[in-house]
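Remarks on the structure that follows.
Numbering of ligands and ligand atoms starts at 1, following listing order.
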Amino acid sequence: MVRIGVKRTAPEEVDADLLVVGIFSGEDPPEGLSSAAQPAVGSGDFTGKQGQASLLYAGESLAARRLLLIGLGERSSFAPERLRRSAATAARRARTLKARSVAFVMTTPEGSDVRGAARAAAEGAVLGLYTFGKYKTKRDQGEEPEGFDLILGGAEDEEAASRGAEAGARIASGSVLARNLANEPSNTATPEYLADRAREIGDRHGMTVTVLDRAGIEQEGLTGLATVGRSASNAPRFIVLEHRKGGGGKPVVIVGKAVTFDSGGISIKPTAGMEDMKFDMGGGAAVLGAMEAVGSLDLPLDVVAIVPATENLPGGDAFKPGDVLTMPNGKTVEILTTDAEGRLILADALCYARRYDPTAVIDCATLTGACVVALGNHASGLMGNDEDLVAEVQAAGETAGERAWPLPLFEEYTEQIKGDTADLKNSGGRGGGALTAGAFLKEFADFPWAHLDIAGTAYGKKGNAYTTRGATGVPARLLVEFLIGRSA
Ligand code: BES
Ligand code: MN
Ligand code: ZN
């Protein structure tokens with residue numbers, strides 16, 4: 001992985017293959033770079049518009065081999081997310097140029113400190129360079145730079161910048177782990193594979209790992225997971241990771257849906273796009289990625305991660321529409337469609353979370369197509385039973401650049417999932433599909449709880465400055481941000 005450093009030097013004196021400087025709309029380049037950058041700026045070719053990038057060969061006036069100007073947009077609306085994107089753009093350009101060393105001149109957004117800015121830049125650089133290339137036998141996409149140095153030009157605290165850069169790299173590594181897990185196809189990423197990766201995370205960071213196999217799941221009375229996983233030959237796993245660095249008291253619990261392939265089961269999905277259902281474990285992947293970062297940052301907090309993992313397949317032993325399940329909290333559920341499987345395994349996990357007497361529980365799941373219709377790919381749906389917690393999760397998403405937007409859980413949505421034969425039914429019909437799914441989960445959440453529907457954000461057809469096609473790692477960084485906030 002690229003090494004992120006911090007240096008205090010005048011930009012014109014930095015020895016690097018690629019020197020990168022961000023410039024605000026309509027503003028002049030920093031003094032030392034003005035003779036090199038002036039032709040591009042003065043001609044109007046480079047205006048500082050957000051996302052714009054101009055590569056210059058500066059010659060004598062700079063110690064660096066090349067100069068990349070990056071548009072930062074309007075100064076008044078500059079925020080860490082734009083810094084993250086600029087660093088990603090810089091890192092990607094360095095890769096195509098095969099530049100070994102990058103010097104990225106830091107610009108600290110107003111209202112943000114240099115530590116937070118360095119963190120955002122480091123995240124951008126690492127995430128921008130991410131690719132999932134392991135199954136390509138041939139590839140040529142340049143060479144990843146060895147070093148990416150954040151250059152402090154002014155009076156910024158170097159120590160704080162270094163801490164921020166280090167934290168950013170660790171947080172990004174967690175997101176990379178989440179992306180790698182989610183991009184992995186279902187013939188590799190089975191429930192047992194996820195359990196093995198969880199064991200590795202636990203061993204690396206001194207966490208307690210508990211994995212229940214099929215028999216253990218049945219014994220524990222986790223009906224949803226046992227039922228959904230019954231017909232799968234890759235047997236289900238119930239994965240629990242405990243990070244106990246906050247004194248061993250009441251923890252925050254994070255829960256991630258990990259359906260390693262969702263065919264829909266007996267209520268089978270149409271062929272078109274079904275390959276994307278390998279991403280139906282994106283929630284579990286993000287939770288494991290967040291735990292990797294939590295361990296690596298050694299957060300002084302008690303955190304428990306729960307990942308119910310299974311395939312959802314048709315078969316002679318599969319569950320069927322009309323079946324009635326008795327869930328771990330005693331509530332009964334009539335199955336209307338075996339394709340609404342995520343809420344069944346999440347309900348088990350929420351019931352299981354009760355034993356920790358948690359201060360807060362956040363679950364994340366690629367739960368409904370309806371959420372994608374509501375918010376597209378630009379925000380995760382956010383629901384919950386506690387206003388303050390929902391606001392805290394939303395704020396964490398904003399800071400992390402992983403946006404989550406509140407959706408309502410009115411009583412009427414609960415009415416919509418009241419059952420005829422049983423207490424509840426596992427589908428509330430077409431109207432408000434994301435909200436009836438949330439209302440279903442609420443029936444199992446006996447503590448402050450928030451739910452993130454990441455069906456539209458966990459993966460995508462096209463990336464942005466620091467995501468690629470495929471898994472995004474969302475909401476691993478949101479979760480880490482939330483947990484950092486809770487450990488302060
Ligand atoms: N995994 C899907 C949700 C999904 C859909 C994720 C599209 C990503 C993209 C989930 O298990 C599912 O099938 N949900 C159904 C629920 C319905 C049958 C009540 C849905 O959204 O159609
Ligand atoms: Mn489904
Ligand atoms: Zn699913």
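Closest protein heavy atom to atom 12 (C) of ligand 1: Asp339 O, 3.1 Å. Of all protein heavy atoms, the one closest to atom 2 (C) of ligand 1 is Asp262 OD2, 3.5 Å. Of the protein's heavy atoms, Arg343 NH2, 3.8 Å lies nearest to atom 16 (C) of ligand 1. The nearest protein atom to atom 1 (N) of ligand 1, hydrogens excluded, is given as Asp280 OD1, 2.8 Å; this is a heavy-atom distance.
Within the listing of ligand 1, atoms 11 (O) sit less than 4.0 angstrom from a heavy atom of Glu341. Taking every non-hydrogen atom of Ala455 and a distance limit under 4.0 Å, the qualifying atoms of ligand 1 come out as 6 (C), 8 (C). The contact set between ligand 1 and Thr366, taken as ligand atoms under 4.0 Å from a residue heavy atom, comprises 1 (N), 2 (C), 3 (C), 6 (C). Heavy-atom proximity to Met277, at under 4.0 Å, picks out these atoms of ligand 1: 1 (N), 6 (C), 7 (C), 8 (C), 9 (C). Within ligand 1, the atoms closer than 4.0 Å to a non-hydrogen atom of Thr368 are 3 (C), 21 (O), numbered from 1 in the order shown.
With hydrogens and angles left out, the side-chain atoms of Tyr459 and Asn183 include no donor and acceptor closer than 3.5 Å. Between the side chains of Tyr135 and Glu184, at least one donor N or O sits under 3.5 Å from an acceptor N or O.
With Asp262 as the fixed residue, the side chain to side chain contact (heavy atoms under 4.5 Å, CB included) test singles out one of Lys278, Glu311, Glu341: Glu341.
Using a non-hydrogen distance threshold of 4.0 Å, Tyr459 registers as a contact of ligand 1.
Contact check on Glu192 versus Arg199 returns a salt bridge, with a Lys/Arg side-chain nitrogen under 4.0 Å from an Asp/Glu carboxylate oxygen. Under a 4.0 Å N-O distance rule, the pair Asp298/Arg170 does not qualify as a salt bridge. Salt-bridge check for Glu443 with Lys418: failed, with every basic side-chain N at 4.0 Å or more from each acidic carboxylate O.
In this structure, Arg355 is positioned above the aromatic face of Tyr352, its NZ or CZ under 6.0 Å from the six-membered ring centre and within 45° of the axis.
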Assess the residue pair Arg84 and Arg477 against the criterion (side chain to side chain contact (heavy atoms under 4.5 Å, CB included)); give the C-alpha distance rounded to whole Å, side-chain angles, the decisive distance to 0.1 Å, and a yes or no.
CA-CA 13 Å; Arg84 206 176 271 121; Arg477 289 185 306 107; 3.4 Å; yes
Test Lys442 against Ile417 for side chain to side chain contact (heavy atoms under 4.5 Å, CB included), laying out the working first.
CA-CA 11 Å; Lys442 191 176 170 201; Ile417 50 151; over 6 Å; no
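For the Zn ion (ligand 3), the set of protein N/O/S atoms nearer than 2.8 Å consists of Lys257 NZ, Asp262 OD2, Asp280 OD2, Glu341 OE2, ordered by chain and number. Inspection of the environment of the Mn ion (ligand 2) yields the following protein N, O or S atoms under 2.8 Å: Asp262 OD2, Asp339 O, Asp339 OD1, Glu341 OE1.
From Arg237, atom CZ reaches atom OG1 of Thr310 across 10.0 Å, with rounding to the nearest 0.5 Å.
Taking only non-hydrogen atoms, the option from Asp276, Thr337, Leu367 nearest to atom 14 (N) of ligand 1 is Leu367. The heavy atom nearest to atom 19 (C) of ligand 1, out of those in Gly264, Ser427, Gly283, Ala458, is found in Ser427. Remark: among candidates Ala365, Ala437, Gly369, the nearest residue to atom 4 (C) of ligand 1 is Gly369, based on non-hydrogen atoms.
At least one donor-acceptor pair under 3.5 Å links the side chain of Lys257 to the backbone N or O of Thr366. The closest donor-acceptor contact from the side chain of Asn426 to the backbone of Leu336 lies under 3.5 Å.
Atom NZ of Lys136 is surrounded by 12 or fewer heavy atoms from other residues, nucleotides or ligands within 6.0 Å.
Residue contacts with ligand 1, taken as heavy atom pairs separated by less than 4.0 Å, do not involve Arg430 at all.
Checked against a 3.5 angstrom limit, the closest N/O atoms of Lys257 and ligand 1 fall inside it.
Counting all heavy atoms, side chain and backbone alike, Leu181 lies closest to Met281 at O-CE, 3.2 Å. Between Leu382 and Ala450, the shortest heavy-atom contact is CD1-CB, 4.3 Å.
Note: Tyr413 and Phe410 have parallel aromatic rings, judged against thresholds of 30 and 60 degrees for the angle between ring planes.
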